[in-house]
Chemist: 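Quick one: the structure is below, questions incoming.
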Amino acid sequence: MKKEYEWLPELNGTIPNEAFGYAVSVYSIAYEAWRRGLTVSFKNIYHRSGKFEPRYSISSGDNKLVFTHTRPNVVSKEAIDICVNKQKTREFLAEKNVNVPQGLVLSSLNESEIKKSINHLDFPLVIKPLDGKGGRGVITGIDDFKELFDNINYLKNDLNINEIIVEEYIEGEDYRAFVIGDKVIGAFRRLPPHVIGDGKNSIKELLKRKNQIRVKIPGTYNMKVTINEEVKRELAKQDYNINSIPSEGEFVRLKTKNNVSSGGDPIDATQELPEDVKKDLVQAVKSVPGLLQGGVDVIYDKSTGRHAVLEINTRPSIRNHLYPIKGKAHPIPRAIIDYYFPETTGIDYSETTPRYYFDYVFVKEHILNNRLKSFTLPDHPYEPNLISRKIEFYSKQEIDKLQKFVRRRFHKMLFNGELNLVKKNRYEITIAGNSQDVAYFIDQLKSKKYISKVKESPYTKPIRVGFTFNDHYIGDSKMLKKVSQKDKEIRKLKKEITKMKDSKSWKLTAPLRKLKNKINK
Amino acid sequence: MKPTMYLDIPTIGVTGSFGKTTVKEITASILATKYNTYKSPKNFNLPNKTREHVEDITDKHEAVVIEMAMSKKGRGKKQCTVIQPSIGVITAIGHAHFERFSSIEDVAKSKSEMMKYMKQDGILLLNNDDDNSKLINTKYFPGKIIKVGRTAGSDYVASNISYNRDGMTFDVKLNGKSESMFINLLGEHSVINSLFGIAIADQLDVTADQIREGLKEVNLPRGRLTVDNFEGNRTLVDDSYNANPASMISGLNVLNDFVSSKRKIALLGDMVEMGNYTKEGHEKVGSSLVNYNLDQVYLFGESSKYIREKAIEVGFPKEKLIHYDDIEQLINAINEAFSEDTALLVKASRATNLKRVVDFLLKNYKSIH
């Protein structure tokens with residue numbers, strides 16, 4: 001398949017698996033700061049706020065910023081309060097002549113009251129919670145009062161939302177732009193969760209395949225589109241159910257809302273937005289005092305040129321800018337660090353030095369589980385004559401002793417990298433350090449009686465900072481053992497079940513079992 | 001932090017326990033005859049200063065000479081992270097700043113950072129006369145190594161060394177031809193310092209004539225073995241800027257061998273920053289005194305008492321040694337002793353502040369050129 005996307009080269013291989021998904025936003029910003037030589041610390045605020053959410057600080061001398069997700073603490077509290085409230089946002093933006101849709105907050109959920117209060121708005125309409133997050137409870141394209149009341153009841157009863165906004169539905173496509181300072185750094189368009197038919201497979205099957213790809217992309221890692229009531233309703237609208245087989249090339253919409261977290265596809269659209277829209281986006285962020293940056297949601301209609309700003313997210317996820325399914329990624333982390341630490345602008349260490357990355361397990365394991373209060377990353381290695389190498393060797397030495405030997409040298413010569421046990425008695429070291437030190441280290445390995453077949457080769461992948469020992473071999477062999485054991489058990493069980501089913505008593509008790517199943521439900 | 005400056009013009013970094021400023025000055029002076037050369041000012045040699053210096057390097061420059069202190073572990077790495085030398089010089093390994101090191105091997109390691117962090121296919125220059133420089137393990141340096149010295153087998157050898165009042169004359173072989181050189185500095189160490197500059201220049205295709213011309217232009221600030229001649233045939237050898245046992249003995253050699261005055265006196269002050277080498281270092285100077293024909297030796301400062309004790313122990317006449325703790329008293333005594341036909345060597349670390357004695361003499365006596 002032709003590659004339809006172009007992601008950032010600096011993030012290629014530098015984001016560890018454990019930072020995939022939502023964490024990509026945090027990791028990529030922290031990483032950009034770290035590789036420029038800034039100090040990065042992670043903090044656990046669970047003990048204070050009860051939130052399992054990492055805070056991280058980026059500092060250079062006296063200039064220290066604390067980030068919550070993608071938002072630094074220099075964004076004012078007032079700005080956050082305005083943006084959380086969609087009605088206030090509408091008012092502040094309208095004040096500065098930013099295009100916004102007409103709308104209001106429902107003061108009563110009584111049907112006749114509603115009818116009265118919205119008589120100046122025309123269908124189709126949109127409803128959404130006053131302070132919702134991530135597209136939860138946003139329902140668009142409401143064509144009549146019946147649909148409107150049904151959906152208001154759905155928000156009220158099923159989602160427990162009582163403060164509801166009704167606004168005019170603006171024709172066009174949904175865009176999310178990241179704005180900082182005077183610039184729109186990147187914008188993406190969201191295709192609603194959908195599958196494209198091939199004339200052979202059912203919607204269920206097509207979705208399964210789509211999910212298989214989605215879960216592998218760092219930005220949408222593990223974000224499956226699951227079949228729920230909403231999907232079923234949307235399919236019913238199109239006279240489909242999950243087992244229908246759409247024809248080849250047919251676009252089958254699965255949900256009305258477009259959020260990537262609920263299954264939408266991000267497509268780079270930075271070039272699609274004309275300058276006047278971009279200006280309005282910058283103006284939107286400026287309209288909110290103390291905001292500085294934001295993820296601006298805008299509807300833009302290519303055919304009419306009309307647009308309307310819907311809302312501003314003060315700590316938007318940036319992963320969709322970094323991992324569009326189609327188009328070019330935009331360097332949001334770079335823009336953020338450039339803006340807040342302008343003295344580091346243009347520093348790009350990767351050209352003269354091996355590429356490094358840091359572990360995120362610490363955050364996932366220790367910060368988010370309240371085991372550590374805080375920790376600070378080691379400085380990004382930066383000095384002349386750094387090289388990285390792969391060293392393979394053979395040894396029958398006890399693993400513990402060997403590990404100690406290697407680790408001691410890593411510490412002494414300030415190396416970074418990993419020692420991996422790849423097969424029985426077969427090791428591989430990936431290492432970055434001073435070229436003379438690495439040469440000396442290799443000679444030391446060669447001089448040991450218990451080490452043989454030392455082979456050295458260039459290594460260009462990023463190096464994990466610190467020393468890590470990986471026991472891949474043992475892990476795999478244990479796993480294999482477990483799997484084969486399970487297979488055996490399953491085979492045995494199957495045999496027993498078949499035997500049982502063939503038995504007379506099983507057939508006799510069938511109606512009873514059916515009844516029991518019902519009761520269980 | 002700024003990215004490292006990697007230049008594609010000859011970038012010379014000079015480090016070592018002593019002689020850095022002199023080698024920097026000599027090298028820059030010679031290179032300036034052929035290249036538009038940037039040199040770091042004065043002896044501003046710490047990483048923070050280097051960071052400022054590199055801002056002054058422009059596109060017009062064709063060569064860069066920077067003095068780099070590597071007087072502490074990690075400092076050399078820092079220096080080369082600011083700007084990476086393509087040609088590195090380690091002048092010598094000695095006991096300067098010894099309070100920061102646990103052994104001479106440690107000092108060698110610290111200076112070796114030049115070799116580890118400079119351009120790996122560049123040129124490293126070492127002092128072949130200095131035994132301690134042999135502690136530098138060059139096994140893993142893939143570039144070119146050039147050794148200079150009087151020692152036979154060096155890549156650049158100084159021979160036929162002679163001297164007069166104004167400086168040193170010596171021969172060095174360039175392109176297979178023996179060339180006579182002159183440097184207007186005293187002492188054999190000045191010959192070695194010149195050899196570094198000559199070797200670098202020769203590697204960069206500077207001709208023997210240009211080298212001679214450049215050596216003529218070397219202009220060092222006073223206090224580094226500068227000679228003043230005063231009325232009444234008085235001679236002052238001022239070496240009050242910096243001191244270590246090796247250079248103190250070298251200074252005494254100059255006074256003893258190169259100066260032709262009837263009466264010779266020396267004023268030796270404390271050598272500082274030598275840590276646990278302080279006693280041994282001063283004693284080394286003390287035991288050397290018997291080798292010289294000196295009329296009087298004045299000592300100043302706490303550590304200089306070790307010089308006195310050792311000198312007496314090895315048989316230097318006790319009555320010739322006078323120790324002072326008070327600078328005013330010292331100045332008076334020196335003023336009295338600095339009679340006609342007398343040569344005086346003033347040598348100590350800068351911190352000992354014998355500059356006050358020198359300033360007094362410069363004010364009180366009319367100099368003759």
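A note on names: the letters A, B, ... follow the listed sequences, proteins ahead of strands, and every chain is numbered from 1. Computed from a predicted structure; not experimentally measured.
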Chemist: Ignoring hydrogens and angles, tell me if any N or O in the side chain of Asn385(A) forms a donor-acceptor pair with the backbone of Met118(B) under 3.5 Å.
Modeler: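 Answer holds: yes.
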
Chemist: Would Asp443(A) and Tyr140(B) count as a side-chain contact (heavy atoms from CB on, under 4.5 Å) here? Give the steps.
Modeler: CA-CA 10 Å; Asp443(A) 275 0; Tyr140(B) 294 99; 2.6 Å; yes

Chemist: Need one label for Lys78(B): side chain, backbone, both or neither, based on atoms under 4.5 Å from any heavy atom in chain A.
Modeler: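 Interface part for Lys78(B): neither.
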
Chemist: So does Lys34(B) have more than 12 non-hydrogen atoms from other groups sitting under 6.0 Å from NZ?
Modeler: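 It does: Lys34(B) NZ has more than 12 such atoms within range.
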
Chemist: Is it true that the side chains of Tyr440(A) and Asn137(B) contain a donor and an acceptor less than 3.5 Å apart?
Modeler: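 Judged by distance alone, the side chains do not pair up.
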
Chemist: Shortest non-hydrogen contact from Pro384(A) to Cys80(B)?
Modeler: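 In terms of heavy atoms, the two residues are closest at CG-O, 3.1 Å.
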
Chemist: Assess the side chains of Thr4(B) and Tyr382(A): does a donor N or O sit below 3.5 Å from an acceptor N or O?
Modeler: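 Side chains of Thr4(B) and Tyr382(A): pair found under 3.5 Å.
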
Chemist: Using a heavy-atom cutoff of under 4.5 Å, enumerate the residues of residues 88-116 of chain B that contact chain A, numbered in order, or state 'none'.
Modeler: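 So the qualifying residues are Met115(B), Lys116(B).
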
Chemist: For atom OH of Tyr394(A), decide whether the heavy atoms of other residues, nucleotides or ligands shown that lie under 6.0 angstrom number more than 12.
Modeler: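 Buried by this count: over 12 neighbours within 6.0 Å.
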
Chemist: More than 12 non-hydrogen atoms from neighbouring residues, nucleotides or ligands closer than 6.0 Å to NZ on Lys73(B), yes or no?
Modeler: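 Counting neighbours around NZ of Lys73(B), 12 or fewer heavy atoms of other residues, nucleotides or ligands fall under 6.0 Å, so no.
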
Chemist: Cut-off 3.5 Å, no hydrogens considered: what does the side-chain donor-acceptor table look like for residues 408-417 of chain A, sequence neighbours left out?
Modeler:
unit_1: Arg409(A); atom_1: NE; unit_2: Gln444(A); atom_2: OE1; d: 2.9
unit_1: Arg409(A); atom_1: NH1; unit_2: Phe405(A); atom_2: O; d: 3.1
unit_1: Asn416(A); atom_1: OD1; unit_2: Gly466(A); atom_2: N; d: 2.6

Chemist: About how many Å separate CD of Gln120(B) and CD of Gln436(A), when rounded to the nearest 0.5 Å?
Modeler: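 CD of Gln120(B) is found 4.5 Å from CD of Gln436(A).
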
